[in-house]
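Order of listing sets the numbers, starting from 1, for every ligand and every atom in it.
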Amino acid sequence: MKKIILYILVFGTTISAALADEGMWLPQLLQTLNEKQMKKLGMKISAEDIYSISKSSLKDAIVSFGGFCTAEVISDKGLLLTNHHCGFDAVQNHSSVENNLIQNGFWAYKKEQELQNQGLFVTFIERIEEVTKEMLAGVTPGMTEKERQSQIDKNISELKKNYRKENFEDILIKPFFDGNKYFLFVTKTFKDIRLVGAPPAAIGNYGKDTDNWMWPRHTGDFSMFRIYADKNNNPASFSPDNVPYKPKRSLKISLDGMQEGDFTMVFGFPGATKEYLSAAAVKQIMTVNDPAKINIRAKALEVLNGFMRKDEKIKIQYAAKYASIENAYKKWQGEVLGLHSKNAVEKKTDYENLFTQRINANETWKNKYGNLLPDLKASYTSIEPYGYARDYFNEIFPRIELLVIASDMNSLVAAYDKDENAYTKRKQEVLEKLEETFKEYDATVDKRMFETLMELYTKDQQAEYVSPVFRQLLDGNQQSYASVANDLYGKTLFTDLAKIKNLLSGNAADVINSIKTDAAFNLYSDMVTTYTGKVSPKLNELQAGINKLQRSYMEAQMEVFKEKSFYPDANSTLRVTYGNVKGYRPRDAVQYDFYTYLDGVMEKYKPGDYEFDLPKKLIELYQKKDFGAYGVKGRQPVCFIASNHTTGGNSGSPALDAYGNLIGLNFDRVWEGTMSDINYDPDICRNIMVDIRYVLFIIDKYAEAKNLIAELNLVHPKKTTSKK
Ligand code: ARG
Ligand code: GLU
């Protein structure tokens with residue numbers, strides 16, 4: 001008994017102390033769960049100012065940008081601010097060697113110059129409602145995961161049928177807390193989103209991969225877009241007749257900056273976290289899955305780097321792919337490092353011991369939850385080899401574009417098996433897709449990638465997971481991966497768009513026949529069959545079991561640790577996170593400041609360098625100290641950090657001050673703290689933001705886009721005088 005009390009004392013305090021900065025909170029629950037603490041930390045507005053269903057609130061200025069980032073409305077003409085890396089795809093699509101917007105930047109000085117972006121959309125959240133009861137109607141504990149999901153799917157379509165909404169609104173229903181709760185979102189999606197501005201990559205992606213995930217940081221990671229609507233201010237697909245959207249709310253922008261300790265919050269769409277895993281699960285990520293993925297990506301990056309640094313065209317073609325491979329690669333490395341350095345597994349184990357103590361002291365809990373942790377542990381042991389094989393497949397397959405193209409071809413075969421109509425329709429879609437694929441494709445690069453990654457595929461995996469067809473190819477080529485690659489890329493028609501078009505121009509039966517006899521198709525099919533035969537059935541079965549256990553474990557944690565406020569794992573829904581501006585100590589004897597300046601940009605400057613070159617004009621502005629209203633005592637602030645708990649998807653999210661004014665743009669986290677997706681630690685987890693005054697300086701002084709500055713609502717909350 002004494003021991004239990006001691007445990008409660010010790011762990012009780014760690015549990016609540018960890019809450020100071022941790023958490024991605026649901027905006028509609030702030031009033032109940034967080035408002036008091038937010039005010040204590042310095043917030044000057046109310047929860048109702050952040051999220052309200054009866055009046056306009058800050059949430060009306062926040063959008064999901066393309067489903068993968070966040071953006072915010074900063075003018076009453078629908079001007080949007082997001083990160084450079086979020087808008088990068090759009091910038092890349094408008095770029096060529098002759099007109100390289102990645103390198104030169106882009107600015108629309110008039111609305112007519114703004115550029116259309118096919119497929120890009122932004123989504124507003126109109127309101128949020130809990131629908132747990134409706135979703136779990138008819139669900140029983142004895143159901144398999146499949147039965148449960150099909151009951152829920154039925155409930156979803158039932159609810160959607162009867163739900164009252166405007167016809168330009170959509171409904172989204174998502175599980176929270178591993179399926180213990182459900183919330184419904186009424187959303188509004190705009191599809192005419194035009195590019196307004198982006199700095200040169202030398203500013204917007206300054207420091208590239210060397211600086212990515214790093215502090216101190218000096219990147220001006222922003223770009224601007226504009227929402228267009230029809231004449232009634234409603235969503236519409238692209239049309240020259242569309243007009244700038246008049247938003248319900250746009251953010252005011254503070255010119256006053258921030259001090260260490262100031263309250264900040266970040267409002268956006270974090271993608272995915274796993275904060276409530278068991279120790280066994282965390283250990284597996286750290287020692288098996290992350291290392292496997294890191295290893296494969298290191299090799300893939302080496303291949304791309306070799307080509308991109310030598311060839312300007314390939315550099316543009318592969319820029320987005322490279323950035324996205326590199327990004328998670330580096331993040332996982334930081335994650336492993338942080339999980340080790342902060343003893344995440346030991347902490348989880350202590351927490352589990354306390355959990356076990358508590359349930360053992362309660363007969364009902366003991367019966368209901370007594371086997372959970374041992375079962376989870378056993379399940380993770382069983383899934384390990386399958387998870388490893390999944391990582392290998394998922395990491396290697398999409399990197400070899402020949403295989404991806406073969407899978408597009410396979411979709412034609414599948415459509416043909418259905419009927420002619422499906423085939424004709426699919427053919428059109430595949431041709432359109434390949435048109436895009438080949439803009440960013442180089443067969444020499446791909447061949448090298450194949451050669452390199454197929455060696456890992458063969459050597460690092462259990463023999464039974466390796467495609468027998470590939471083994472035969474090796475046998476026929478003296479076990480040389482290079483010679484298999486030469487042979488295959490020589491024979492296949494899939495590496496050349498003209499050849500594919502020619503192939504697809506025949507009658508359907510001939511086309512299907514040629515696809516099926518292509519060498520690459522043959523290998524592709526066998527790799528997929530090997531995987532879906534040997535790995536996925538068992539993997540899916542074990543994963544379903546884990547999901548079910550994890551759902552109970554989540555429920556149990558909420559029941560057993562009543563003193564703790566729980567936030568749901570990130571799932572790309574709208575969240576608020578808050579904390580304070582502060583530095584950190586990454587290692588023994590090292591203390592990081594919370595701010596960087598343009599001086600630091602200049603310190604890193606290496607003329608002509610691949611990552612640290614700078615535009616001449618920026619250097620001149622620096623030398624003249626021409627910072628306009630955006631400098632402080634002769635220095636130009638650039639980036640800052642705070643203890644907000646963010647993750648991927650929070651990129652482009654507004655950083656707001658105590659009054660809800662925009663002070664910065666979230667774009668990254670510090671490397672030592674990327675394990676916050678699994679185990680947040682207030683000592684070293686920091687989010688990185690670009691200071692809004694650096695953004696304004698670049699727009700105003702560097703780009704001289706006075707037209708954009710004129711749209712903004714700039715304020716001085718600390719001086720309580722406003723400019724406009
Ligand atoms: N690390 C940031 C994020 O997770 C920025 C990524 C873009 N920059 C890059 N060099 N890949 O998205
Ligand atoms: N750069 C990330 C993004 O694209 C944000 C950094 C993070 O993972 O926190 O969302």
Side-chain angles (χ1 to χ4, degrees), residues 21-24 62-72 81-92 102 198-199 201-215 217-223 266-275 297 300-301 304-305 308 315 318-335 338 569-575 577 579 610-612 639 641-655 664-678 680-681 684-690:
D21 315 274
E22 176 176 352
M24 301 173 174
I62 318 297
V63 292
S64 162
F65 183 84
F68 56 89
C69 274
T70 305
E72 50 277 358
L81 185 63
T82 188
N83 287 147
H84 184 267
H85 74 266
C86 298
F88 188 70
D89 206 44
V91 177
Q92 183 184 22
I102 302 177
I203 293 173
N205 191 14
Y206 185 61
K208 277 225 168 106
D209 303 312
T210 298
D211 267 15
N212 190 22
W213 298 110
M214 290 298 187
W215 185 256
R217 189 63 156 276
H218 298 90
T219 312
D221 196 343
F222 80 95
S223 62
V266 172
F267 205 172
F269 292 85
T273 58
K274 300 176 220 148
E275 310 286 353
R297 288 198 176 202
L301 290 168
L304 293 184
N305 228 327
M308 289 169 72
K315 182 176 158 187
Y318 280 81
K321 274 177 209 157
Y322 187 92
S324 103
I325 300 170
E326 190 274 346
N327 196 39
Y329 162 72
K330 198 161 175 186
K331 187 194 109 163
W332 291 324
Q333 289 177 304
E335 187 167 276
D569 268 320
N571 59 356
S572 297
T573 58
L574 188 59
R575 304 295 177 89
T577 160
Y610 191 72
E611 301 186 299
F612 292 97
C639 292
I641 51 176
S643 57
N644 302 298
H645 186 185
T646 53
T647 189
N650 266 126
S651 272
S653 298
L665 195 55
N666 183 74
F667 73 99
D668 215 355
R669 272 175 291 163
V670 303
W671 196 55
E672 298 85 355
T674 56
M675 83 302 188
S676 63
D677 290 348
I678 294 170
Y680 182 93
D681 189 299
I684 54 170
C685 292
R686 297 289 178 271
N687 68 314
I688 306 181
M689 295 151 282
V690 52

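Proximity of N687 to N650: side-chain heavy atoms (C-beta onward) are nowhere separated by under 4.5 Å. M675 has its side chain within reach of C685: a pair of non-hydrogen atoms, C-beta onward, lies under 4.5 Å apart. The shortest side-chain heavy-atom distance between W213 and R669 falls under the 4.5 Å cut-off. The shortest distance between side-chain heavy atoms of I102 and Q92 falls below 4.5 Å. The shortest side-chain heavy-atom distance between T210 and F612 falls under the 4.5 Å cut-off. Using a 4.5 Å cut-off on side-chain heavy atoms (C-beta onward), F267 and E72 make no contact.
Each of the atoms 10 (O) of ligand 2 lies under 4.0 Å from some heavy atom of N650. The atoms of ligand 2 that sit less than 4.0 Å from any heavy atom of G649 are 3 (C), 10 (O). Counting atoms of ligand 1 from 1 in the listed order, those under 4.0 Å from a heavy atom of W213 are 1 (N), 4 (O). Close contacts between ligand 1 and D668 involve ligand atoms 1 (N), 2 (C) [criterion: under 4.0 Å to a heavy atom]. Which parts of ligand 2 touch G648 is read off a 4.0 Å heavy-atom cut-off, strictly below it: atoms 3 (C), 7 (C), 8 (O), 9 (O), 10 (O). Those atoms of ligand 1 that come under 4.0 Å of a heavy atom in K208, given as number and element, are 10 (N). Residue-ligand proximity, N205 to ligand 1, at heavy-atom distances under 4.0 Å covers atoms 10 (N).
From the protein, the heavy atom lying nearest to atom 6 (C) of ligand 1 is N327 OD1, 3.3 Å. Atom 6 (C) of ligand 2 has its closest protein heavy atom at D668 CA, 3.5 Å. Ranking protein heavy atoms by distance to atom 11 (N) of ligand 1, first place goes to A323 O, 3.3 Å. Considering only non-hydrogen protein atoms, atom 10 (N) of ligand 1 sits nearest to D209 OD1, 3.2 Å. The single protein non-hydrogen atom nearest to atom 9 (O) of ligand 2 is R669 NE, 2.6 Å, given as residue, atom name and distance. In terms of protein heavy-atom proximity, atom 5 (C) of ligand 1 is nearest to N212 OD1, 3.4 Å.
Side chain to side chain, D211 and H218 fail the donor-acceptor criterion of an N or O pair below 3.5 Å.
A donor-acceptor pair under 3.5 Å is absent between the side-chain atoms of T647 and the main chain of P270, judged by distance alone. A donor-acceptor pair is defined here as one N or O able to donate and one able to accept, closer than 3.5 Å; no such pair exists between the side chain of D221 and the backbone of N83.
Under the 4.0 angstrom criterion for non-hydrogen atoms, H85 is in contact with ligand 2. Within the structure, ligand 2 has W213 among the residues with a heavy atom less than 4.0 angstrom away.
In this structure, OG in S676 is found 6.0 Å from CE in M24, a value given to the nearest 0.5 Å.
Just one residue in the list N212, T646, T82, I688 forms a side chain to side chain contact (heavy atoms under 4.5 Å, CB included) with F667, and that residue is I688.
Backbone and side-chain nitrogen or oxygen atoms of D221 are examined, and none is located within less than 3.5 angstrom of a nitrogen or oxygen of ligand 1. The shortest N or O to N or O distance between F68 and ligand 2 is not under 3.5 Å.
The residue K331 has no part lying near ligand 1, judged by heavy-atom distances below 4.0 Å.
With A328, S651, G268 as candidates, the residue nearest to atom 5 (C) of ligand 2 on a non-hydrogen basis is S651.
Counting non-hydrogen atoms of other residues, nucleotides and ligands closer than 6.0 Å to NZ of K274 gives a total of 12 or fewer.
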